[in-house]
Amino acid sequence: MSAAGARIGVITFPGSLDDGDARRAVRRAGASDVALWHGDADLHGVDAVIVPGGFSYGDYLRCGAIAKFAPVMTEVVRAAGQGMPVLGVCNGFQVLCEAGLLPGVLTRNSGLHYVCRDQWLRVDNNTSTWTTRYEPGAELLIPIKHGEGRYVAEEPVLDRLEGDGRVLFRYVDGNPNGSRRDIAGITDERGRVAGLMPHPEHAVDPLTGPTDDGLGMFLSALDTLVAA
Amino acid sequence: MTDPTREAATQDPATPNGAEPVDSVEQAARTPELDQPYRELGLADDEYERIREILGRRPTEAELAMYSVMWSEHCSYKSSKTHLKYFGETTTDEMRAKMLAGIGENAGVVDIGDGWAVTFKVESHNHPSYVEPYQGAATGVGGIVRDIMAMGARPVAVADPLRFGPADADDTRRVLPGVVEGVGGYGNCLGLPNIGGEVVFDESYARNPLVNAMCVGVLKSDELQLAHATGAGNKVILFGSRTGLDGIGGVSVLASETFSGDETGSGRKKLPSVQVGDPFTEKVLIECCLELYGSDLVVGVQDLGGAGLSCATSELAAAGDGGMRIDLDTVPLRAEGMNPAEILSSESQERMCAIVRPEDVDSFMAVCRKWDVTATVIGEVTDEEHLRIDWRGECVVDVPPRTVADEGPIYQRPVRRPAEQDLIAADDANTLSRPATAAELRETVLRMAASPNLCSREWVTGQYDHYVRGNTVLAQPSDGGVLRVDEETGRGIAVATDCNARYTRLDPYEGARLALAEAYRNVAVTGSKPVAVTNCLNFGSAEDPGVMWQFQQSVRGLADAAAELGIPVTGGNVSFYNQTGGDPILPTPVAGVLGVIDDVTARIPTGIGAAPGESLLLLGD
Amino acid sequence: MARVVVDVMPKQEILDPQGQAVANALPRQGFEGISEVRQGKRFELEVDDGVDDDTLARIAENFLANPVIEDWAVRRVES
Amino acid sequence: MARVVVDVMPKQEILDPQGQAVANALPRQGFEGISEVRQGKRFELEVDDGVDDDTLARIAENFLANPVIEDWAVRRVES
Ligand SMILES: Nc1ncnc2c1ncn2[C@@H]1O[C@H](COP(=O)(O)OP(=O)(O)O)[C@@H](O)[C@H]1O
């Protein structure tokens with residue numbers, strides 16, 4: 001498959017906000033972007049899926065709690081089971097946790113405020129589908145913007161995540177939300193499904209973001225798709 | 001899924017047993033002498049007389065509710081109109097060349113080239129934010145965003161000029177965090193980057209905080225929407241949230257005083273005048289509106305803000321070519337037992353009203369269904385001259401719409417330069433002692449850097465998303481916010497809002513000129529060319545001649561400065577009565593300037609030291 | 001020591017977007033028959049025996065609830 | 001029609017920064033003697049009589065609460 005032949009879908013829920021940005025990032029990485037609709041139980045033959053940031057359904061009950069029941073999510077869960085790469089960013093991460101594709105849950109920031117700032121992250125794992133382009137230990141500057149990003153899971157779950165090398169990114173230079181063990185992003189057992197609170201799609205062009213450090217995530221997935 | 005058509009069909013008029021008698025037009029004609037609580041509704045004796053004259057009878061409850069809100073200071077600009085004319089008088093044809101819509105529309109619209117247009121406006125939500133900081137500020141953002149949507153634009157950014165009492169005052173500790181969270185909570189959830197604003201502390205704003213919210217929208221210049229109800233037979237569609245009892249405020253005196261009569265019956269006296277915002281519904285409403293506009297399904301559109309349906313129906317009809325008929329029974333309600341006056345006055349948020357050709361109604365409803373937005377046909381445009389509103393088979397409103405929307409009273413309030421103004425001017429800053437030694441200078445600089453009015457705004461701006469939509473090129477702490485409008489060409493815009501109200505207190509005319517000059521400079525230093533001005537004029541009581549003098553002078557200052565700079569004032573907002581007891585706030589005419597930049601990659605960031613060897617130059621004197 | 005529960009609910013006439021979102025989502029998950037949902041807050045306090053009902057009411061009214069838009073109720077429970 | 005209350009509270013072992021913030025603020029307001037505060041959610045549902053306890057439990061467990069971090073309790077009340 002050529003890069004442009006790779007089709008990456010981006011879901012739009014009512015209340016999604018960063019869907020346009022995720023699609024822009026996909027195009028910037030050289031792949032084709034495909035719009036997916038929450039009410040449409042069809043992935044339209046895409047090769048990977050991004051669940052973008054925002055406030056799906058207003059995030060009123062708990063972030064992501066209502067979105068996990070959207071018809072499109074049934075298909076995402078099915079496809080992820082068959083190994084399709086899936087990335088959840090911010091609200092998308094919350095949705096993937098609620099949907100059971102990733103362990104744990106994202107709770108109210110310990111500072112009790114919404115935080116928007118440029119945040120340093122350290123790459124802990126560069127073997128997942130979404131992180132192969134990074135050197136292990138590399139530090140990235142990527143925006144965060146969330147009110148509920150404190151990653152919480154039971155101790156044994158946290159131990160297992162660390163033991164299996166499934167922590168993708170950790171906050172460095174200050175933990176912005178009180179996440180357990182400074183966790184900013186994780187992956188599933190197979191390294192195909194990834195979720196993180198920071199917004200790589202807002203770090204693809206230094207004109208509109210702090211850096212282009214986020215582009216590597218999209219390029220990483222594209223490498224896998226092209227090689228397949 | 002809400003089925004909007006079924007919604008309308010099954011809407012149950014729910015006439016409770018022993019329903020209150022409806023105060024119909026017929027009834028009003030039969031009972032001319034009925035005592036009406038017009039004063040409690042804020043109408044003066046002569047205003048009430050004028051309404052009787054217009055109608056040739058006493059108004060019904062519903063009509064009285066309508067006139068009283070529409071003729072309020074907030075909606076009718078009755079004290080300011082006579083001064084605001086000066087903006088029009090000082091705008092030349094040359095300044096007007098790029099203006100697609102100006103003062104009088106929901107928001108001003110400016111052509112920025114390449115087929116793009118930009119609309120921007122500031123509105124105040126001062127008092128509600130004092131009563132309930134979070135919801136007051138949140139619904140302030142929601143309201144200005146709907147104004148921008150009503151022009152046919154996609155809202156693309158917000159900014160929030162704020163004023164509070166002393167930073168260490170107890171009340172500021174209550175108000176400020178709530179306001180900031182409200183602005184952030186609503187704007188972040190709508191996905192609108194916050195690209196500017198101000199945070200100023202001054203004693204005069206204690207108990208009178210100012211929460212001004214700006215929204216900027218972008219559209220193709222041929223996609224402008226207008227708020228008019230034209231074409232007899234066209235349908236009137238109300239869409240968005242249901243109409244509830246919140247935000248009714250003063251009109252509840254109608255229910256308690258004249259309807260039920262007995263004290264126990266109504267329980268309506270304590271209706272909360274506060275509204276609760278639902279940003280998610282508004283976000284969906286934005287996408288729904290844009291799809292409706294894009295499919296050319298709308299003839300005219302108006303947002304529902306202050307004065308709710310009273311305002312939307314009368315303004316749409318007044319700007320149209322005929323009349324309008326509304327069937328109030330079809331309005332989807334959230335509360336039981338609402339009466340016509342309450343339905344017409346409710347300020348429930350997240351609602352819009354559209355005029356739609358009959359053949360487009362099905363397609364309109366389909367778009368609303370897609371976005372799960374409740375939509376209901378509530379009436380139609382007629383070739384009569386009146387706005388007529390029916391309720392349970394009886395006519396409860398029958399008025400010439402222009403008399404409600406456009407022909408409210410105009411006051412020539414007394415204007416007097418306060419005697420103390422000379423004392424203030426005589427108290428010259430040159431008499432203050434200056435730091436004489438290096439140590440004193442150091443101490444002064446440190447004190448200034450730490451002062452609430454100069455310290456970092458990050459506690460505030462860090463709660464606002466400035467990245468969303470991926471087009472923010474400059475935001476806090478830049479002097480002006482810069483946004484990319486066109487990804488192909490890099491064309492973009494800049495905005496800044498400013499006002500130093502202490503200057504305006506010293507000299508309202510010069511202070512207003514300085515406010516505009518500062519916003520103009522803040523736009524210019526981003527590398528953009530300023531093209532238009534909006535404003536939000538926050539003042540004390542219109543009944544205080546000294547305040548009216550400040551107001552008059554500030555308007556003149558702003559207008560003259562705009563003319564001097566050659567850019568038009570395309571709109572604005574007036575907020576009077578920002579005072580507790582006899583002490584008005586500092587006169588605060590916030591100026592907002594819009595600029596255009598041909599290529600955002602050429603923007604100039606604020607700050608020095610980006611590259612070694614930079615030279616520092618001081619321009620001007 | 002006593003356990004005190006303070007329930008804070010949005011006033012009836014006030015819009016409750018949270019409760020509404022929950023109510024709208026239930027049928028989508030196959031749960032029928034729930035006509036209305038309102039969402040509020042529940043606080044559980046561990047309170048010294050010396051704290052009287054009046055104090056608790058003031059805490060609820062001035063601090064835990066926003067009386068402009070919310071109603072509250074205080075009750076002592078077995079802990 | 002019945003009214004059902006669902007209480008959802010953060011699990012004891014989970015950090016509750018909102019409750020903690022309340023607890024810390026109380027002494028500053030002059031309220032002493034409150035040693036711990038936890039903040040959760042309270043839902044009030046209007047439920048058809050046909051909806052059984054088992055269904056309500058599933059709604060609470062799968063939807064209103066996230067069992068990783070929250071406990072829940074359902075009870076029917078007089079309406
Ligand atoms: N309420 C606010 N909302 C958003 N941005 C704000 C707010 N207050 C201040 N800012 C931003 O913070 C920066 C610094 O503000 P300020 O100190 O007022 O700047 P200046 O003194 O240069 O006018 C500016 O970019 C301004 O737009």
Side-chain angles (χ1 to χ4, degrees), chain A residues 12-25 27-28 37-40 52-61 63 66-67 70-71 89-91 109 111-119 142-148 176 198-210 214, chain B residues 1 154 156 177-178 180-195 277-288 350 369-373 458-476 482-484 487 490 492 599-603 605:
Chain A
T12 298
F13 297 100
S16 288
L17 304 179
D18 302 298
D19 44 344
D21 303 285
R23 289 173 58 187
R24 186 192 286 120
R27 290 194 298 274
R28 218 174 159 87
W37 182 243
H38 72 113
D40 184 6
F55 291 77
S56 52
Y57 302 93
D59 272 351
Y60 281 128
L61 174 60
C63 297
I66 298 182
V89 176
C90 195
N91 190 226
N109 292 352
L112 298 179
H113 288 297
Y114 183 97
V115 179
C116 174
R117 73 179 201 209
D118 300 337
Q119 173 71 42
I142 292 186
I144 56 163
K145 47 192 192 84
H146 59 251
E148 307 196 12
H199 287 263
E201 81 283 14
H202 283 293
V204 295
D205 178 355
L207 179 69
T208 51
Chain B
M1 260 300 159
R154 173 180 276 287
V156 293
V180 170
E181 254 178 70
V183 169
Y186 207 98
N188 294 343
C189 192
L190 287 189
L192 294 179
N194 186 311
I195 60 167
D278 179 357
F280 168 65
T281 295
E282 181 125 321
K283 163 67 181 166
V284 172
L285 200 53
I286 293 175
E287 301 304 330
C288 180
E350 293 94 20
R369 256 194 309 277
K370 170 179 167 192
W371 289 102
D372 212 355
V373 165
E458 204 176 301
W459 190 87
V460 173
T461 58
Q463 297 186 47
Y464 301 154
D465 183 351
H466 59 267
Y467 279 116
V468 65
R469 300 188 58 73
N471 287 314
T472 307
V473 174
L474 291 177
Q476 38 274 17
V482 175
L483 282 184
R484 177 170 63 189
E487 238 172 294
D599 179 2
V600 290
T601 59
R603 88 287 186 198

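Here is how names work: the chains are called A, B, and so on, in the same order as the sequence lines, proteins then strands, and each is numbered from 1.
- One finds no salt bridge joining A:Arg28 and A:Glu201 here, because no Lys/Arg side-chain nitrogen approaches an Asp/Glu carboxylate oxygen to under 4.0 Å.
- Only the backbone of B:Thr472 comes within less than 4.5 Å of a heavy atom in chain A; its side chain stays farther off.
- Side-chain atoms of B:Gln476 and B:Tyr464 include no donor-acceptor pair closer than 3.5 Å.
- Contact count versus chain A (heavy atoms, under 4.5 Å) is highest, among B:Gly184, B:Gly191, B:Pro177, B:Gly462, for B:Gly462.
- With chain A as partner, the option from B:Leu474, B:Val473, B:Leu483, B:Val482 having the largest number of non-hydrogen pairs under 4.5 angstrom is B:Val473.
- For the options A:Pro143, A:Gly15, A:Gly20, heavy-atom pairs under 4.5 Å to chain B are most numerous at A:Pro143.
- No side-chain heavy atom of A:Leu17 sits less than 4.5 Å from a side-chain heavy atom of B:Arg469.
- If you tally non-hydrogen atom pairs under 4.5 Å between each of A:Arg117, A:His202, A:His199 and chain B, the highest count goes to A:His202.
- Shown here are the salt bridge (charged side-chain N to carboxylate O under 4.0 Å, His left out) partners of A:Asp18, two or more places apart in sequence or in another chain: A:Lys145.
- Contact of the B:Leu192 side chain with the B:Val156 side chain is not registered, since no non-hydrogen atoms from C-beta on lie closer than 4.5 Å.
- Heavy atoms only, all atoms of each residue included: A:Ala25 and A:Val204 are closest at CB-CG1, 3.8 Å.
- Proximity to chain B is limited to the side chain of A:Asp205, based on heavy atoms less than 4.5 angstrom apart.
- Taking chain B as the reference chain and counting heavy-atom pairs below 4.5 Å, the highest number among A:Trp37, A:Tyr60, A:Tyr114 is found for A:Tyr114.
- In this structure, chain A has a heavy atom under 4.5 Å from the side chain of B:Glu181, while its backbone stays farther away.
- Applying the side-chain contact (heavy atoms from CB on, under 4.5 Å) criterion to A:His146, with sequence neighbours excluded, gives A:Cys90, A:Asn109, A:Ile144, A:Tyr171, A:Asn177, A:Met197.
- Chain B forms more heavy-atom pairs under 4.5 Å with one residue of A:Ser16, A:Gly58, A:Ser56 than with any other, namely A:Gly58.
- Of the atoms belonging to B:Val180, not a single heavy atom falls under 4.5 Å from chain A.
- In this structure, the portion of B:Leu190 lying under 4.5 Å from any heavy atom of chain A is its backbone and not its side chain.
- Residue B:Gly185 comes nearest to B:Pro279 through the heavy atom pair O-CG, 4.4 Å, listed as atom of the first residue, atom of the second, then distance.
- With respect to chain B, the highest number of heavy-atom pairs below 4.5 Å among A:Pro210, A:Gly53, A:Gly54 belongs to A:Pro210.
- Across A:Phe13 and A:Ala70, no two heavy atoms sit closer than the pair CE2-CB, 3.7 Å.
- If you measure heavy-atom distances from A:Pro206 to chain B, the contacts under 4.5 Å come from the backbone alone.
- When heavy atoms are compared at a cutoff of 4.5 Å, B:Glu487 approaches chain A solely by way of its side chain, counted from C-beta outward.
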